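A short write-up of the structure that comes next.
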Number of protein chains: 2
Amino acid sequence: MNLDQTDRKLLSLLQEDAKRTTKELSMQLGLSKTAVYERIRKMEREGVIRQYTALLDREKINRAFVVFCHIRLTQHTKENVAEFEKQVVSLHEVQECYHVSGDYDYILKIHVANMEDYRNFMVTKLTDLKHIGNTHSIFMIGEVKNSSVIEVGARNKT
Amino acid sequence: MNLDQTDRKLLSLLQEDAKRTTKELSMQLGLSKTAVYERIRKMEREGVIRQYTALLDREKINRAFVVFCHIRLTQHTKENVAEFEKQVVSLHEVQECYHVSGDYDYILKIHVANMEDYRNFMVTKLTDLKHIGNTHSIFMIGEVKNSSVIEVGARNKT
DNA sequence: GTTCATGGTGAATATTTTTCAGCAAGTTGA
DNA sequence: TCAACTTGCTGAAAAATATTCACCATGAAC
């Protein structure tokens with residue numbers, strides 16, 4: 001799918017606020033409502049837009065304590081990796097999990113209420129996962145930037 | 001603000017898909033459309049729901065190369081920290097930036113198209129930032145989990 | 001017992017989304 | 001060159017949704 005300037009602008013506006021109406025968008029882009037509507041539907045169909053979501057205030061839902069937990073596995077067999085990943089996905093405290101290069105194999109972003117809950121999570125859940133060798137926790141002191149908008153690249157793969 | 005079981009369920013549904021209609025939500029929750037509508041509006045007013053956004057496919061917008069860049073500052077004066085943070089926020093490649101505990105001061109999550117673009121970013125932009133001491137890049141090999149849904153905690157601060 | 005505050009309902013109204021018929025420009029191939 | 005086709009647009013109409021409103025029940029406060 002090839003995204004033109006209008007598509008990119010549209011994506012930028014929808015990332016900022018997905019509740020914008022086609023009428024509002026059409027005025028900003030200088031197009032008809034239907035034209036905008038069709039472009040959005042197309043990007044949804046093609047999977048450029050994956051999902052619409054509501055972003056919550058972590059403080060207000062009691063999940064302000066964020067930890068980056070680096071994890072090294074004991075052994076990197078296919079089975080171990082698959083089993084570990086499957087288990088990690090099922091932990092609701094684990095907001096994100098990436099397989100990464102470097103000293104550690106995985107980085108987990110974990111959202112809990114406070115240090116006590118994090119300790120509980122470590123002791124009762126994370127430690128139970130199989131094949132975990134070593135962990136290293138980095139605590140978030142402050143959030144400087146967390147943008148919901150990804151700049152859309154001009155050139156694209158087919 | 002106190003969130004009851006219905007609010008939490010509502011938040012969970014809206015995080016999964018913010019485009020769900022009040023009608024659909026009302027059926028799932030066993031309430032009237034208006035009751036659901038009022039609950040949502042209240043959570044928007046109170047700031048529990050911060051924003052609605054469209055999530056894009058990083059591959060399809062040519063931003064599939066993700067790097068976690070750890071940064072240490074040379075000196076931690078108020079001025080340096082403020083200046084650094086201000087500059088970082090303005091870089092569109094930097095999707096997220098956290099002030100953290102540990103060996104490094106900041107973790108940046110950076111989205112670009114490929115290694116070449118990352119190199120360019122490092123050389124022409126990141127290195128230009130003042131007060132940067134040391135950096136360490138960790139490359140994302142795979143995304144195991146990236147959930148748009150944060151579990152909502154039961155108890156809340158006022 | 002009256003007065004509030006809270007959270008609900010169903011109907012009416014305002015807005016928005018979605019569909020549809022058609023138009024114009026550009027491409028393709030005989 | 002011209003018919004056939006594709007693409008992306010427009011404006012109006014229809015369908016669905018959001019929003020407002022008047023009103024009801026419940027429980028707490030005084």
Side-chain angles (χ1 to χ4, degrees), chain A residues 1-57 59-62 148-149 152-158, chain B residues 1-57 59-62 148-149 152-158:
Chain A
M1 164 146 201
N2 226 330
L3 301 169
D4 65 13
Q5 191 51 48
T6 304
D7 289 323
R8 288 200 288 275
K9 178 76 183 165
L10 206 40
L11 290 174
S12 162
L13 291 167
L14 288 174
Q15 284 184 101
E16 270 177 18
D17 180 7
K19 276 288 200 289
R20 287 191 161 108
T21 64
T22 52
K23 185 180 168 188
E24 186 189 338
L25 294 167
S26 69
M27 290 191 307
Q28 299 215 35
L29 296 173
L31 278 177
S32 72
K33 284 186 297 178
T34 310
V36 169
Y37 177 74
E38 289 298 346
R39 277 169 182 268
I40 295 173
R41 293 310 294 268
K42 184 170 181 196
M43 292 193 288
E44 289 171 359
R45 272 200 316 275
E46 305 269 353
V48 175
I49 297 174
R50 283 194 303 111
Q51 191 185 350
Y52 295 97
T53 189
L55 301 181
L56 311 186
D57 183 322
E59 301 277 351
K60 298 224 167 76
I61 61 169
N62 207 22
S148 57
V149 181
V152 178
R155 268 156 283 105
N156 256 302
K157 314 175 196 172
T158 48
Chain B
M1 163 146 201
N2 226 328
L3 301 169
D4 65 11
Q5 190 51 48
T6 305
D7 288 323
R8 288 201 287 276
K9 178 76 182 167
L10 206 39
L11 289 174
S12 160
L13 291 167
L14 288 175
Q15 284 184 100
E16 269 177 18
D17 179 7
K19 276 286 201 288
R20 286 192 160 108
T21 65
T22 53
K23 185 181 169 188
E24 186 188 339
L25 294 167
S26 69
M27 291 190 308
Q28 298 215 36
L29 296 172
L31 278 178
S32 71
K33 284 187 295 178
T34 309
V36 169
Y37 178 74
E38 289 299 346
R39 278 170 182 269
I40 295 173
R41 291 310 293 266
K42 183 171 183 195
M43 292 193 287
E44 289 172 359
R45 273 200 315 276
E46 306 268 354
V48 176
I49 297 174
R50 283 194 302 112
Q51 189 186 353
Y52 295 97
T53 189
L55 301 181
L56 310 187
D57 184 320
E59 301 276 351
K60 299 224 167 76
I61 61 170
N62 207 21
S148 57
V149 181
V152 178
R155 269 158 281 104
N156 255 302
K157 312 174 197 174
T158 47

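Since we're looking at a predicted model, the values are computed, not measured. Below, chains carry the letters A, B, ... as their sequence lines are ordered, and counting in each starts from 1.
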Check for a donor-acceptor pair, side chain of R8(B) on one end and backbone N or O of L3(B) on the other, with a separation under 3.5 Å.
-> yes
Atom-to-atom span, CG of D4(A) to P of dG8(D) - whole angstrom | 8 Å
Hey, can you pull the residues of residues 19-35 of chain B with a non-hydrogen atom under 4.0 angstrom from DNA chain C?
-> L31(B), S32(B), T34(B), A35(B)
Value in whole Å for how far the C1' atom of dA18(D) lies from CD1 of I40(B) | 10 Å
Minimum side-chain heavy-atom gap L56(B)-I49(A) below 4.5 Å | yes
side-chain contact (heavy atoms from CB on, under 4.5 Å) with L31(A): which of L10(A), V36(A), L25(A)?
-> V36(A)
Could you give the distance from CD (Q15(A)) to CD1 (I61(B)), rounded to the nearest 0.5 Å?
-> 6.0 Å
Report yes or no: does Q51(B) contribute a side-chain atom to a donor-acceptor pair with the main-chain N or O of D17(A) at less than 3.5 Å?
-> no
Can you tell me how far P of dG8(D) sits from CG of L10(A), to the nearest Å?
-> 14 Å
Can you tell me how far P of dG7(C) sits from CD of Q5(B), to the nearest Å?
-> 16 Å
Is E38(B) salt-bridged to R41(B), going by a charged N under 4.0 Å from an acidic O?
-> no
Between Y37(A) and dT16(C), is there a side-chain N or O to OP1/OP2 distance below 4.0 Å?
-> no
Which parts of residues 41-53 of chain A get close to DNA chain C, meaning a heavy atom less than 4.0 angstrom away?
-> R41(A)
Whole-Å distance separating the CZ atom of R39(B) from the P atom of dT19(D) = 18 Å
The single option from L29(B), L14(B), D4(B) that satisfies side-chain contact (heavy atoms from CB on, under 4.5 Å) with K9(B) is L29(B)
Counting heavy atoms not belonging to K23(B), are there more than 12 under 6.0 Å from its NZ?
-> no
